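Scope of the values below: all heavy atoms of this structure, side chains included, with no hydrogens, waters or symmetry mates. Just so it is clear, the model here is predicted, and its values are computed rather than measured.
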Amino acid sequence: MGGGAFSALLSASAFPRLPRPVYNSLKARVLSRLTGCYTWVGVPHEAPEKKDHGDVDFLVSDPKHPYTSSVPHDVIKKLIGAEYVIPMEGNRTSNYAIPVHPGEWAHFGLSALEEEKRAASEEGKIYYQVDVHVCSDKEEWDRIVFFHSYGDLGMILGLIARNSGLALGSKGLKLPDPPNPPFELSSSFDEICQFFGLPLSTFHKGFSTKREVFQWAASMKYFDPQRFRSSGPGITKVKTDRIMYAEFMDWVHKNKRVLAGNPDPRKQNFAKIREEALIFFKKKEEYDNIVQERLKRARLKEIFSGSQVRDWAQLGNYWKGVKLIMDEVRQRLGGEEGIHKFLEDHSEGDLKAVVLQAQADLGVISHQQSESVIAVTDSVQTMSLFVDTPQKGLEASSTP
């Protein structure tokens, strides 16, 4: 049942599930009106074997003249005949409630069902829920249309990718790299499907049954039914209402032996899969450079750290002095990059020598050392005073 977005305005009973003929008619009617405002308008392919629907989801992009970034919600509301709207600005989904006019389902031979749903509604009226998601551009429109087509197919592909050490979502394919941000491989599902060996011709032709969807997903390269899991590290827990997703896991379990086929060692080697992905998407050099830069920063942080410089210079807790020395070393060697280059040809001991030379040139000593010098100086001055000043009762006298 739809209507979840309107729970503060209308009861859930006001949004009955829509039989397939009613759903198709509503989809065609709203789509024709939205195309007058947006260049790209579409609805992701519905899950096969689905008999009814809770709402209709539209994806739109590139508003037509005279509109710029988006079409005002009031314009869409009037255009599609909605009575209520929950507007969301920008690249988000807005919800519209369109009243079902009395007798509207008679055209499909469903008059009795319409009356039944109307009688069950607390408001005595029933509505269609239409969701309109505004995409930022055609590229995002393509990605979301693909990923949300055929029910839970996108989520199923994402789960298989996770089982292969990769991350697939509505924004594309990424290489997990914890604790660092994921590394983007591609945002084009044409490229991604080619990499995974998934024929797009089959996808665009369509699927008549959920089994056909499952078989297409299971043909994905690197899919290993023997090691397939739906929970654990890196896998997001999915809501229990994702029935098709759960059915796929059950289908894999029941057909594990048939799906296994001949063992492929590549399917169990995450490092090999990552390497093949980087090469296929022409991202290996870029990723290797990032890794090398990260290693250089880690080495510099380890060797040229505040704690290390403090110990070399014996500055105790005199952190201001540590900062003065580190800033001076950076200036002498050409910043962080200069220190990187210095360490490529010199040892840690050589860097320590530079630090100590900078300390000497700056005359930086710790507060403890400074206090010791002051104490020694005061002691010397006191002894000098004791020797040079005649003491009462100890004055020299002549011998009688």
Side-chain angles (χ1 to χ4, degrees), residues 1-61 63-64 67 70-88 92-134 145 148-152 206-210 241 243-244:
M1 184 175 292
F6 294 92
S7 58
L9 299 172
L10 300 165
S11 67
S13 60
F15 293 87
R17 294 194 66 81
L18 311 178
R20 180 59 71 90
V22 175
Y23 170 87
N24 287 335
S25 175
L26 173 66
K27 180 174 71 171
R29 185 177 83 205
V30 175
L31 189 145
S32 65
R33 296 179 183 181
L34 290 178
T35 52
C37 300
Y38 286 95
T39 303
W40 300 101
V41 182
V43 176
H45 296 288
E46 296 81 8
E49 302 179 79
K50 194 168 185 177
K51 297 179 180 179
D52 54 27
H53 303 263
D55 53 27
V56 189
D57 299 307
F58 286 90
L59 299 169
V60 299
S61 179
K64 294 181 178 179
Y67 310 109
S70 63
V71 181
H73 295 98
D74 287 343
V75 172
I76 297 296
K77 179 183 176 183
K78 182 178 180 180
L79 188 68
I80 65 176
E83 187 174 317
Y84 300 100
V85 59
I86 299 178
M88 291 292 178
R92 302 171 68 184
T93 300
S94 297
N95 315 106
Y96 298 85
I98 303 174
V100 180
H101 300 298
E104 192 170 322
W105 292 9
H107 178 71
F108 310 104
L110 298 171
S111 297
L113 181 61
E114 179 191 333
E115 289 305 316
E116 176 188 327
K117 299 299 183 183
R118 201 178 297 278
S121 170
E122 294 179 19
E123 288 80 7
K125 296 175 65 176
I126 54 177
Y127 296 84
Y128 304 120
Q129 178 174 320
V130 170
D131 297 339
V132 180
H133 179 83
V134 180
V145 166
H148 290 278
S149 284
Y150 304 112
D152 297 337
F207 304 101
S208 300
T209 65
K210 286 182 283 189
D241 61 348
I243 298 175
M244 186 174 172

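Arg92 places none of its side-chain heavy atoms less than 4.5 Å from the side chain of Val134. The shortest distance between side-chain heavy atoms of Lys51 and Pro19 does not fall below 4.5 Å. The shortest side-chain heavy-atom distance between Ile80 and Ile98 falls under the 4.5 Å cut-off. With contacts defined as side-chain heavy-atom distances shorter than 4.5 Å, the pair Tyr150/Pro44 does not qualify. With a 4.5 Å cut-off on side-chain heavy atoms, Tyr127 and Asp55 do not count as touching. Annotation: side chain of Thr35 is not in contact with side chain of Trp40 (no heavy-atom distance under 4.5 Å). Contact of the Val145 side chain with the Val43 side chain is not registered, since no non-hydrogen atoms from C-beta on lie closer than 4.5 Å. Using a 4.5 Å heavy-atom threshold, the side chains of Lys64 and Thr39 count as touching.
For the atom pair OH (Tyr128) and OH (Tyr23), the distance works out to 13.0 Å, reported to the nearest 0.5 Å. Once rounded to the nearest 0.5 Å, the distance linking CD of Glu122 with OG of Ser13 reads 4.0 Å. We find the CZ-CG distance between Arg33 and Leu79 to be 6.5 Å, quoted to the nearest 0.5 Å. The OG atom of Ser25 sits 11.5 Å away from the CH2 atom of Trp105 when rounded to the nearest 0.5 Å. In this structure, CG on Leu18 lies 8.0 Å from NE2 on His53, to the nearest 0.5 angstrom. Interatomic distance, CD of Glu115 versus CD1 of Ile126, reported as 8.0 Å (0.5 Å rounding).
Glu49 and Lys210 make their closest contact through OE2-N, 2.7 Å (heavy atoms, listed as atom of the first residue, atom of the second, distance). Contact detail for Asp131 and Asn95: the closest heavy-atom pair is OD1-ND2, 2.8 Å. Nearest approach of Ser70 to Pro63, heavy atoms of both residues: N-CG, 3.9 Å. Of all heavy-atom pairs between Gly81 and Pro99, the closest is O-CD, 3.4 Å.
The closest donor-acceptor contact from the side chain of His133 to the backbone of Phe58 lies at 3.5 Å or more, if one exists at all. The main-chain N or O of Ala14 is never found under 3.5 Å from a side-chain atom of Arg118 such that the two would form a donor-acceptor pair. The backbone N or O of Phe15 sits nowhere less than 3.5 Å from a side-chain atom of Gln129 that would complete a donor-acceptor pair. Under the 3.5 Å distance criterion, the side-chain polar atoms of Ser94 are left unmatched by any main-chain donor or acceptor of Val132. Counting only distance, with no hydrogens or angles, the side chain of Glu114 and the backbone of Gly103 share a donor-acceptor pair below 3.5 Å.
Under the 3.5 Å distance criterion, with hydrogens and angles disregarded, no donor-acceptor pair is assigned to the side chains of His45 and Ser149.
Within a 6.0 Å sphere centred on CZ of Arg20, other residues, nucleotides and ligands contribute more than 12 heavy atoms. Heavy-atom contacts from other residues, nucleotides or ligands closer than 6.0 Å to NZ of Lys78 number 12 or fewer.
Residues forming a salt bridge (charged side-chain N to carboxylate O under 4.0 Å, His left out) with Lys117 (at least two apart in sequence, or on another chain): none. Shown here are the salt bridge (charged side-chain N to carboxylate O under 4.0 Å, His left out) partners of Asp74, two or more places apart in sequence or in another chain: there are none.
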- Message: Determine whether Val30 and Val56 satisfy the following criterion, side chain to side chain contact (heavy atoms under 4.5 Å, CB included), listing intermediate values before the conclusion.
- Response: CA-CA 9 Å; Val30 175; Val56 189; over 6 Å; no
- Message: The test is salt bridge (Lys or Arg N to Asp or Glu O under 4.0 Å); show your working for Glu46 and Lys27 and say whether it passes.
- Response: CA-CA 12 Å; Glu46 296 81 8; Lys27 180 174 71 171; 3.0 Å; yes
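Aromatic ring centres of Tyr96 and Tyr84 lie farther apart than the 6.0 Å criterion allows.
A salt bridge links Glu83 with Lys125: the distance from a Lys NZ or Arg NE/NH1/NH2 to an Asp or Glu carboxylate oxygen falls below 4.0 Å.
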